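Bear in mind that the values here come from a model prediction, so they are computed numbers and not experimental data. All chains are named by letter (A, B, ...) in the order of the sequence lines, taking the proteins before the strands, and each is independently numbered beginning at 1.
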Protein chains: 2
Amino acid sequence: MADTDTDTGAKTPRERYRAQVRAEIKERAWEQIATAGASALSLNAIAKQMGMSGPALYRYFAGRDELITELIRDAYRSLADTFRAASASAPGAGLAELARALRDWALEDPQRYFLIYGTPVPGYHAPDDITAIAGENMAMLLDAAAAPAPDGPVTSTATSTATSAMTSATTALDTDLEGLGRQWADGHPAPAAHLHRALAFWTRLHGILSLELAGHFNGMGFDPGLLYAAELDDLLAHSPPH
Amino acid sequence: MADTDTDTGAKTPRERYRAQVRAEIKERAWEQIATAGASALSLNAIAKQMGMSGPALYRYFAGRDELITELIRDAYRSLADTFRAASASAPGAGLAELARALRDWALEDPQRYFLIYGTPVPGYHAPDDITAIAGENMAMLLDAAAAPAPDGPVTSTATSTATSAMTSATTALDTDLEGLGRQWADGHPAPAAHLHRALAFWTRLHGILSLELAGHFNGMGFDPGLLYAAELDDLLAHSPPH
DNA sequence: AGAATTAGTTAGAGGCTATCACGAAGCGTA
DNA sequence: TACGCTTCGTGATAGCCTCTAACTAATTCT
């Protein structure tokens, strides 16, 4: 679907071929991950599946780690594209659109979600270009968190009346958050309230998605989508004052 | 520390020895997991580390999967003990104590947390006794969510005034949650509002902990503990009416 | 057409899980 | 105490895996 490599440059026929093989390797890798998880990814199995024997894949990827890193990169890119599309859908697209897009994206391929937000391997450090994409995503989230709700909360009938209750812990966090926007999204100047809402948005929705995709809601007969919608509404109910 | 096996029965000297070896294996396994993650756990390495050669460990565990399952079981047990201790600390111990205990427990050994709440391996299904412990934990959480706050929120100065704003998504979830308590905690009859708060508590705190332990807050210079406290306060601010 | 680059092969080292058959302890009991 | 049964630990082996090295074959460039 997302042929990220097929159309890179593609000048000489060798590069074309190379890019195509790389893309097919990644495709098989994604299938394997979707069915058995990232830990069960086997270069050998992919090679055999493609009709060539073992070490041939090392012409295309330096090793298993590089392949997985590439998949992580693609996952981040895919999420960024999804966010971009959601932001472009409406002029003043806000958190609701992002939330919808995030959930759809996560449900589309749970293991891809876990490749980004799942259990980290202690030694691993993502390369800079990947953290850069993560920063882009954070920037889009911040933009949405800064934009006021169009006409009150979209999927909600609540009038945002309860905005004044400030707890001490919130103020403590907000002072910590003061003037921190510069480090996050490439020079994004954001007030603490926006950072705070962006963080709450991120952590709350991730909390639900993570537990849902991992199957922790399985026994209990309720609809995680409703919980997601309720939390989103609660988030939107405390909208920016203007 | 948590010698779950050392003191099981211990009648004949053989059983004593066996239990002790099993405990040492698990100890080494925990060390390995803490430093390299669960996917890097190697029976062979543990055996070599204990001075015996490879297949000897199969006398004590049927295989790698059984050892990991046992570690997961111990992790759930440890969390249950932690919750129990937090609940027993004060007579009307509520969500605040549970939240504190959960965070301390998670930070104490992140990989142990991820063993429960991390990336699931697609094929795996936890045995019934493990899901039973998970149910116990849910029950304790529900108890805390049902208990009214002692004298207003503990770590907060907020007066819980904003309780009346009901969004449509919330009511949709609450009708879905109606009369669901029976399935969860062994016959626990809980109103929808309590279930809802328990779920919000769980998912929000897990969302923060998961991202924090995975290092997703690393670049951004704020204190995750403050975010945790702020979210907890927000949770407690919408306390039960009585 | 010849030279240089690249693709893919087999062989092999070293790691892992897991099974099997065998010796070597230990334990309960006659 | 001495016998027999049970259990522990061993080496050997099969079958995976990652990854390196040397070699062949195909393709592209000059």
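- The stretch residues 29-43 of chain B comes close to DNA chain C through Leu41(B), Ser42(B), Leu43(B), each having a heavy atom under 4.0 Å from the strand.
- The pair Glu70(A)-Arg73(A) meets the salt-bridge criterion, since a charged nitrogen lies less than 4.0 angstrom from a carboxylate oxygen.
- In this structure, CG in Leu226(B) is found 12.0 Å from CD in Glu231(B), a value given to the nearest 0.5 Å.
- For the pair Ser87(A) (side chain) and Phe83(A) (backbone), a donor-acceptor distance under 3.5 Å is present.
- Here the C1' atom of nucleotide dC29(D) and the CD atom of Glu15(A) are 14 Å apart, to the nearest Å.
- Protein chain A contacts DNA chain C from dT5(C) to dA11(C), reading 5' to 3' and using non-hydrogen atoms of the protein with a distance under 4.0 Å.
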Exercise for the section: Quick one, give me the B/S/- string for nucleotides 3-13 of chain D, reading 5' to 3', where B means a protein heavy atom under 4.0 Å from the base and S means that only happens at the primed atoms, P, OP1 or OP2. Expected result: ---BBBBBBB-

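- Here the CD atom belonging to Glu108(A) is positioned 14.0 Å from the OH atom belonging to Tyr113(A), to the nearest 0.5 angstrom.
- In this structure, Asn44(A) reaches the dT18(D) phosphate: one of its side-chain N or O atoms is under 4.0 Å from OP1 or OP2.
- Scanning all heavy atoms of the two residues, the minimum distance from Tyr228(A) to Ala99(A) falls at OH-O, 2.8 Å.
- More than 12 non-hydrogen atoms from other residues, nucleotides or ligands lie less than 6.0 angstrom from CZ of Arg28(A).
- A donor-acceptor pair under 3.5 Å is absent between the side-chain atoms of Ser210(A) and the main chain of Gly207(A), judged by distance alone.
- With Arg112(A) contributing its side chain and Ile33(A) its backbone, the two residues share no donor-acceptor pair below 3.5 Å.
- As a whole-Å value, the separation of Arg64(A) CZ from dC16(D) P is 17 Å.
- In terms of heavy-atom proximity, Ala34(A) sits nearest to Asp109(A) at CB-OD1, 4.3 Å.
- Remark: the backbone N or O of Ser78(A) is paired with a side-chain donor or acceptor of Thr82(A) at under 3.5 angstrom.
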